[in-house]
Amino acid sequence: MNTNVLENSLYELIVETSTNLPKDVRRAIRAAKARENAGTRAAMSLATITQNIQMADDNVSPICQDTGLPTFKIKTPVGVNQMEIKKSIHSAMIRATKDGKLRPNSVDSLTGENSGDNLGLGVPVIKFEQWEKDDIEVRLILKGGGCENKNIQYSLPCELDGLGRAGRDLDGIRKCIMHSVYQAQGQGCSAGFIGVGIGGDRSSGYDLAKEQLFRSNDDINPHEDLRKLEEYIVNNANELGIGTMGFGGETTLLGCKIGVMHRIPASFFVSVAYNCWAFRRLGVSLNAETGEIVDWMYQDGEKISFGEEEQQPSQTPEEAPTVVTLQAPISEEDIRKLKVGDVVQINGMMYTGRDAIHKYLSTNDSPVDLNGQVIYHCGPVMLKDEAGNWHVKAAGPTTSIREEPYQGDIMKRFGIRAVIGKGGMGPKTLKALEEHGGVYLNAIGGAAQYYADRIKSVEGVDLMQFGIPEAMWHLKVEGFTAVVTMDAHGNSLHKDVDQSSLEKLSQFKEPVFS
Ligand SMILES: O=C(O)C[C@H](O)C(=O)O
Ligand code: SF4
């Protein structure tokens with residue numbers, strides 16, 4: 001096999017997977033958009049999502065800045081050199097990272113050092129299998145961290161919030177899956193897709209769950225009980241009212257695929273792999289002699305483009321939210337005027353800060369004056385040009401709840417007035433927002449192209465020792481739009497949606513499959 005051709009084919013697979021959402025996923029998102037009522041937060045969020053999908057297509061740039069943990073699943077005919085394929089994957093990954101199609105995402109778990117090229121111990125994940133066919137099949141999923149963190153594994157029997165006892169039967173499984181959707185709230189960038197593995201042990205159960213994410217969203221489960229369960233879950237999970245980004249709404253779940261395997265008598269696991277709407281998985285068939293791509297997977301049917309006319313749903317004046325323009329630095333008085341539900345448009349500076357920065361600021365001084373400023377929970381994809389200037393390639397929000405232990409104290413200590421992220425924060429931050437005069441602003445998770453477009457220049461960077469995604473980038477923005485979901489008056493949309501969805505979950509307590 002010609003290794004250059006093979007490397008090019010794998011490079012193409014990586015770039016397409018990161019930038020071009022598969023057709024089955026696009027169909028599900030389009031259907032969800034059609035279900036939302038015009039003017040609601042869910043409809044506006046879905047309009048941003050579809051606009052972002054289109055921008056990623058047009059710019060050939062990452063749909064989401066978190067290009068995830070790459071997992072390759074490969075089937076080869078007998079006699080193909082698997083070590084050669086592995087080497088070509090590694091060089092294709094390095095190239096895709098240099099070209100800004102992947103974020104440098106591989107971090108040493110002990111030192112925190114980013115390898116810079118997306119390679120590392122166990123990264124990327126590559127799994128080989130042999131088969132009888134003549135072609136090589138390579139499937140790739142780029143699974144982001146926010147949704148991965150919402151995976152959950154149940155050991156039956158167990159007691160579940162809102163649902164009571166889940167026993168070792170089909171109905172207990174049903175309860176676990178309903179609960180898994182509830183517990184993800186908006187933090188895995190709903191509306192999501194779930195893969196479920198029934199049985200196995202803790203590791204093979206999760207493998208089976210992830211295997212389901214490689215099924216086409218439109219396929220029909222040949223196992224009749226599982227087909228019924230999949231249908232039940234998609235229909236009823238959408239009654240939970242969590243909605244896009246956890247803002248409330250008609251669609252919470254876009255797909256559910258369930259697989260089953262045997263278990264040993266003492267164990268009964270139900271493992272759920274949650275994937276965000278930015279469901280990046282594709283596959284190719286390669287000619288085993290030449291390494292050329294002969295076919296693409298998941299690409300049946302018409303390609304759905306999300307054109308201009310679809311972008312903004314029409315709004316009646318009374319439904320339209322209040323839009324407030326903020327110029328950073330922002331005064332306490334202006335912040336206290338904001339209420340949950342307001343839409344803000346930010347102009348001026350914002351500073352990125354995520355996990356490493358929050359930990360750092362809890363015991364160190366800030367490299368810049370943050371008084372009145374805005375912190376953006378974001379780990380962007382950045383590229384340096386030949387003149388040494390940085391450019392933003394993708395820059396959506398990251399899950400904020402991870403900063404809950406630090407956020408309130410840091411806001412007070414440095415005088416920060418607003419934090420932007422996604423998925424909301426908890427009671428400690430809510431209390432600090434009230435005491436100090438601060439707001440939490442929710443941006444649309446995954447909309448990395450949409451937000452990159454609002455960033456007009458990169459004015460500087462600090463704490464680069466933490467690596468590109470974790471450094472503190474100084475960004476100048478214009479018209480950066482986000483929704484107030486936690487205000488300085490003790491209100492939190494996240495708390496409200498959590499409570500109302502728990503009440504709705506409890507309506508699914510009675511047995512269905514007994
Ligand atoms: O790492 C990121 O940029 C985002 C992450 O995927 C998240 O959802 O929190
Ligand atoms: S930010 Fe959201 S869309 Fe992007 S990888 Fe994380 S969970 Fe997925």
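These numbers come from the heavy atoms of this one structure, side chains and all, not from hydrogens, waters or symmetry mates. First listed ligand is number 1; within each ligand, the first listed atom is number 1.
Scanning Lys150, Glu470, Arg354, Lys143 for the heavy atom closest to atom 2 (C) of ligand 1 points to Arg354. Nearest-residue assignment for atom 3 (S) of ligand 2 (options Cys276, Gly145, Cys378; heavy-atom criterion): Cys276.
Heavy atoms of Gly145 come nearer than 4.0 angstrom to ligand 1 in at least one pair. Under the 4.0 angstrom criterion for non-hydrogen atoms, Lys422 is in contact with ligand 1. The closest approach between a heavy atom of Arg402 and any atom of ligand 1 is below 4.0 Å. In this structure, Lys422 has a heavy atom closer than 4.0 Å to ligand 2.
For ligand 1, the atoms sitting less than 4.0 Å from at least one non-hydrogen atom of Arg103 are 1 (O), 2 (C), 3 (O), numbered in the order shown with element in parentheses.
Because the distance cut-off is set at 2.8 Å, Cys147 fails to qualify as a neighbour of atom 2 (Fe) of ligand 2, as none of its N, O or S atoms comes that close. At a cut-off of 2.8 Å, Cys64 is counted among the residues with an N, O or S atom near atom 4 (Fe) of ligand 2.
Contact detail for Val497 and Gly241: the closest heavy-atom pair is CG1-O, 4.2 Å.
For the pairing with Arg103, the side chain to side chain contact (heavy atoms under 4.5 Å, CB included) check across Pro469, Cys64, Pro380 returns one residue only, Pro469.
Arg413 and Asp409 are not joined by a salt bridge, as no carboxylate oxygen comes within less than 4.0 angstrom of a charged side-chain nitrogen.
Separation of the Tyr451 and Phe480 ring centroids falls under the 6.0 Å cut-off.
A cation-pi contact, defined as under 6.0 Å to the ring centre and within 45° of the axis, links Arg281 to Tyr298. In this structure, Arg454 forms a cation-pi arrangement with Tyr450, its terminal cationic atom sitting closer than 6.0 Å to the ring centre and no more than 45° off the ring axis.
Closest to atom 6 (O) of ligand 1 among all protein heavy atoms lies Asp66 OD2, 2.5 Å. The protein heavy atom nearest to atom 9 (O) of ligand 1 is Thr399 OG1, 2.5 Å.
Between the side chains of Asn442 and Arg41, not a single donor N or O lies within less than 3.5 Å of an accepting N or O. Side-chain atoms of His377 and Thr398 include no donor-acceptor pair closer than 3.5 Å.
Of the N or O atoms in Gln187, none lie within a sub-3.5 Å distance of an N or O in ligand 1. Ligand 1 has no nitrogen or oxygen under 3.5 angstrom from a nitrogen or oxygen of Gly144.
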Going through the checks in order, is the salt bridge (Lys or Arg N to Asp or Glu O under 4.0 Å) test met by Glu230 and Arg215? CA-CA 13 Å; Glu230 287 176 0; Arg215 283 171 52 194; 3.1 Å; yes
